[in-house]
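Comments concern the structure below.
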Amino acid sequence: SFIKSLNRIHDRYIVLDNSTNNMKVYHCGASSKDAGKRITTITELKDITQYKNMIKTLLINPYLELK
C-alpha cells in the first residue's frame with residue numbers, strides 16, 4: 001500500500017513486517033512512479049530505531065491512490 005506523506009517527509013521508504021522482530025526499512029532514491037526509467041538505488045537501513053515513530057505517524061495518513 002502507498003500512504004500519503006502529507007508533506008511530512010520527502011524521501012520514499014519501503015517498510016516490511018512493520019512492528020515485528022523482522023521489521024525492515026528501505027530507503028528509495030527515486031519516486032516509485034519513476035522506478036525503472038533510470039538508475040534507482042534502494043538501500044536497507046540497518047538502524048531503524050529513529051524511523052519507527054515516523055512510520056507510526058505516517059500510518060494514520062490516508063492511502064495514496066495511483067492513477
Side-chain angles (χ1 to χ4, degrees):
S1 298
F2 292 89
I3 298 174
K4 293 182 179 182
S5 70
L6 301 179
N7 294 320
R8 292 184 178 146
I9 61 170
H10 177 266
D11 293 356
R12 283 96 178 152
Y13 298 91
I14 298 170
V15 180
L16 301 176
D17 297 328
N18 185 37
S19 298
T20 71
N21 291 336
N22 297 323
M23 182 176 175
K24 295 188 184 293
V25 180
Y26 297 85
H27 177 261
C28 304
S31 170
S32 299
K33 70 178 179 55
D34 294 330
K37 293 182 181 175
R38 51 192 159 195
I39 295 174
T40 301
T41 302
I42 299 174
T43 307
E44 181 179 0
L45 302 175
K46 295 297 182 184
D47 182 8
I48 60 171
T49 306
Q50 61 188 356
Y51 293 91
K52 289 183 178 182
N53 283 335
M54 175 196 68
I55 293 165
K56 194 180 294 185
T57 301
L58 289 173
L59 286 174
I60 63 173
N61 291 348
Y63 286 100
L64 176 65
E65 298 204 19
L66 300 179
K67 298 178 182 180

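The figures that follow rest on heavy atoms only: side chains count, while hydrogens, waters and symmetry mates do not.
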Sequence neighbours excluded and cut-off under 3.5 Å, please list the side-chain donor-acceptor pairs for residues 53-63, or say none.
residue	atom	partner	partner atom	Å
Thr57	OG1	Asn53	O	3.0
Asn61	OD1	Arg8	NH1	2.9
Asn61	ND2	Lys4	O	2.9

Checklist entry - What about Leu45 and Ile9, same hydrophobic cluster or not, with Ile/Leu/Val/Met/Phe/Trp/Tyr joined at side-chain heavy-atom distances under 4.5 Å? => result yes
Checklist entry - For Ile42, what residues pass the side chain to side chain contact (heavy atoms under 4.5 Å, CB included) criterion, not counting sequence neighbours? => result Ile14, Tyr26, Cys28
Next on the checklist: Going by the rule side-chain hydrogen bond (donor to acceptor under 3.5 Å, both in side chains), which residues pair with Asp47 if we only count those two or more places apart in sequence or in a different chain?
Outcome noted: Thr49
Checklist entry - Pairs in or reaching into residues 17-28: which pass salt bridge (charged side-chain N to carboxylate O under 4.0 Å, His left out), with residues at least two apart or in two chains? => result Lys24-Glu44
Checklist entry - Are any non-hydrogen side-chain atoms of Met23 and Val25 less than 4.5 angstrom apart? => result yes
Item to check | Listed partners of Tyr51 passing ring-ring contact (aromatic ring centres under 6.0 Å, His included), at least two apart | outcome: Tyr13
